[in-house]
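Order of listing sets the numbers, starting from 1, for every ligand and every atom in it.
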Amino acid sequence: MSVALLWVVSPCEVSNGTGFLESVREGNRLFDSSRHRNLVCNERLKRGGGKQTDNGRKFSVRSAIVATPSGERTMTSEQMVYDVVLRQAALVKRQLRSTDELEAKPDIPIPGNLGLLSEAYDRCGEVCAEYAKTFNLGTMLMTPERRRAIWAIYVWCRRTDELVDGPNASYITPAALDRWENRLEDVFNGRPFDMLDGALSDTVSNFPVDIQPFRDMIEGMRMDLRKSRYKNFDELYLYCYYVAGTVGLMSVPIMGIAPESKATTESVYNAALALGIANQLTNILRDVGEDARRGRVYLPQDELAQAGLSDEDIFAGRVTDKWRIFMKKQIHRARKFFDDAEKGVTELSAASRFPVWASLVLYCKILDEIEANDYNNFTRRAYVSKSKKLIALPIAYAKSLVPPTRTISLLS
Ligand SMILES: CC(C)=CCC/C(C)=C/CC/C(C)=C/CC/C(C)=C/[C@@H]1[C@@H](COP(=O)(O)OP(=O)(O)O)[C@]1(C)CC/C=C(\C)CC/C=C(\C)CCC=C(C)C
Ligand SMILES: [Mn+2]
């Protein structure tokens with residue numbers, strides 16, 4: 001286990017501490033991975049500190065996506081998420097197409113020590129290098145300000161995901177996620193809890209990043225706690241937006257749209273959303289067996305039934321013709337989202353295009369590998385070999401050199 005893995009998230013970090021001073025101390029002890037401390041914190045998390053606020057509503061009011069009081073919805077998930085996209089695009093429209101030069105802002109004080117900002121960003125870079133090697137390589141071509149901002153966002157996303165997917169996941173309650181969300185609010189209010197939050201506080205004070213996609217990602221984690229089946233693609237789409245589409249919306253304000261692009265801001269945000277959805281759908285198709293072993297099926301139940309399949313077939317891990325046909329359809333859908341995403345990458349600022357192309361081309365190849373494994377995603381993990389990655393990267397680089405559209409774009 002890597003050093004990064006030990007400290008990327010610990011239950012203590014979502015504990016209900018007694019205030020800022022405690023936060024400072026916790027922040028300073030961030031690198032203490034002592035087992036004892038974790039156990040103490042796990043207990044505190046389980047008890048929830050008497051501040052349980054989750055009430056199991058279908059859609060949290062903290063999410064941008066709100067149901068009627070009866071829990072009914074009149075719109076599809078796609079329509080509701082598109083509404084979020086439009087709001088995000090409108091929020092940043094003016095600031096996004098500004099020049100590459102960013103106005104220098106005063107440093108955010110890092111808990112426990114002033115002036116640790118660059119160290120905080122370095123730590124974020126280390127996590128990124130540890131978890132996402134290829135993508136991290138791609139960020140090297142970005143401007144230093146943008147690179148470190150993406151690192152800070154990456155780390156926050158990774159820590160959020162670790163809450164429900166990491167080694168301490170069994171201790172995470174809805175109340176713990178509420179505390180994580182309070183802590184997020186503090187980040188956006190310039191009151192970071194620890195160094196890594198400090199880097200994010202600095203990032204959100206320098207770039208036109210909105211809090212909503214971050215809140216929505218936490219909502220996705222709540223969904224993961226209360227749900228292990230998805231009735232149909234509409235439900236799955238909403239989950240994919242929460243946990244991955246949000247990443248696209250967080251990233252565009254950092255990456256920037258090329259000043260010469262004539263594409264609408266909305267269309268670029270829509271492509272970013274599509275890339276998140278495509279990545280998550282791919283991730284789900286890659287991990288069917290692994291997820292099933294955790295009792296989770298992230299596949300639309302109605303489509304499984306139409307294909308003559310059930311959870312039982314998945315738990316049994318049978319690669320049958322029915323399964324192959326079903327998988328072909330799922331792969332086809334994921335590829336359509338990648339196609340939609342491609343239209344937007346070219347519109348990003350020149351230096352941001354390579355990391356996005358690289359991640360797109362490589363993630364998309366996982367689908368090819370599932371096919372090459374004859375759709376056995378139960379016991380074989382689809383994996384893109386180093387040599388295939390090496391071949392793909394120059395292709396991604398060549399794609400990144402294509403300039404943005406100079407005519408009014410018809411991107412949807
Ligand atoms: C260049 C680039 C890819 C930038 C994004 C960097 C960033 C902030 C990534 C955060 C990713 C993260 C840790 C998300 C937490 C939730 C999660 C784990 C989602 C899954 C990612 C894959 O992770 P992995 O393979 O490690 O999965 P396991 O945990 O091992 O199961 C996801 C599948 C989704 C990630 C979503 C994206 C990377 C969205 C990318 C979209 C953009 C960067 C927008 C680009 C702009 C246009 C216009 C197309
Ligand atoms: Mn997965």
Exercise for review: Spell out, as yes or no, whether a donor-acceptor pair under 3.5 Å connects the side chain of Asp210 to the backbone of Gln212.
Suggested key: yes
Practice item. Give the intermediate values and the outcome of side chain to side chain contact (heavy atoms under 4.5 Å, CB included) for residues Asn270 and Thr264. Key: CA-CA 10 Å; Asn270 220 22; Thr264 62; over 6 Å; no
Review point. Counting only heavy atoms, which portion of Thr160 has something under 4.0 Å from ligand 1: side chain, backbone, both, or neither?
Key: neither
Point to revise | Subset of ligand 1 atoms that lie under 4.0 Å from at least one heavy atom of Ala244 | key: 34 (C), 36 (C)
Check your understanding: Which ligand 1 atoms are under 4.0 Å away from a heavy-atom of Val268?
Key -> 48 (C)
Check your understanding: Under 3.5 Å, is there a donor-acceptor pair between the side chain of Arg353 and the main chain of Leu348?
Key -> yes
Review point. Measuring from the heavy atoms of Arg286, does anything fall under 4.0 Å of ligand 1?
Key: yes
Exercise for review: Using a strict cut-off of 4.0 Å, indicate which atoms of ligand 1 neighbour a heavy atom of Ser251.
Suggested key: 5 (C), 43 (C)
Review point. Has the side chain of Asp374 got a donor or acceptor atom that lies under 3.5 Å from a matching backbone atom of Asn376?
Key: no
Point to revise | Arg158, any N or O under 3.5 Å of ligand 1 N or O | key: yes
Check your understanding: So, does Gln79 use its side chain to make a donor-acceptor pair with the main chain of Thr76 at under 3.5 Å?
Key -> yes
Study note, to complete from the structure: Among Asn283, Asn279, Val164, closest by heavy atom to atom 35 (C) of ligand 1 is Asn279
Practice item. State whether the side chain of Arg296 and the backbone N or O of Asp224 hold a donor-acceptor pair below 3.5 Å, judged by distance alone. Key: yes
Check your understanding: Short N/O distance, under 3.5 Å, between Tyr363 and ligand 1?
Key -> yes
Study note, to complete from the structure: Note: Ser359, heavy atoms under 4.0 Å from ligand 1, region reported as side chain
Check your understanding: Do Asn283 and Tyr363 get their side chains close enough for a donor-acceptor pair, meaning under 3.5 Å?
Key -> yes
Study note, to complete from the structure: Numbered in order shown, the ligand 1 atoms found under 4.0 Å of a heavy atom of Asp287 are 31 (O)
**Study point:** Residue portion contacting ligand 1 (non-hydrogen atoms closer than 4.0 Å) for Glu290
**Key:** neither
Check your understanding: Does at least one non-hydrogen atom of Thr282 fall below 4.0 angstrom from an atom of ligand 1?
Key -> no
Study note, to complete from the structure: Any heavy atom of Leu348 under 4.0 Å from ligand 1? The part involved is side chain
Check your understanding: Counting distance only, does the side-chain N/O of Arg146 pair as donor-acceptor with the main-chain N or O of Ile254 below 3.5 Å?
Key -> yes
Point to revise | Donor-acceptor pair, side chain of Tyr121 and main chain of Ala199, under 3.5 angstrom | key: yes
Revision key, fill the gap. One finds that the ligand 1 atoms under 4.0 Å from a non-hydrogen atom of Val243 are 16 (C), 19 (C)
Check your understanding: Should you measure from each heavy atom of Gly344, which atoms of ligand 1 turn up under 4.0 Å away?
Key -> 48 (C)
Exercise for review: Could you tell me if any non-hydrogen atom of Met255 lies under 4.0 Å from any atom of ligand 1?
Suggested key: yes
Point to revise | Atoms of ligand 1, numbered as shown, that sit under 4.0 Å from any heavy atom of Ile153 | key: 8 (C)
Check your understanding: What do the steps show when you test Met221 against Trp180 for side chain to side chain contact (heavy atoms under 4.5 Å, CB included), and what is the final call?
Key -> CA-CA 11 Å; Met221 304 304 149; Trp180 187 251; over 6 Å; no
**Study point:** Side-chain (Ser77) to main-chain (Glu235) donor-acceptor, under 3.5 angstrom
**Key:** no
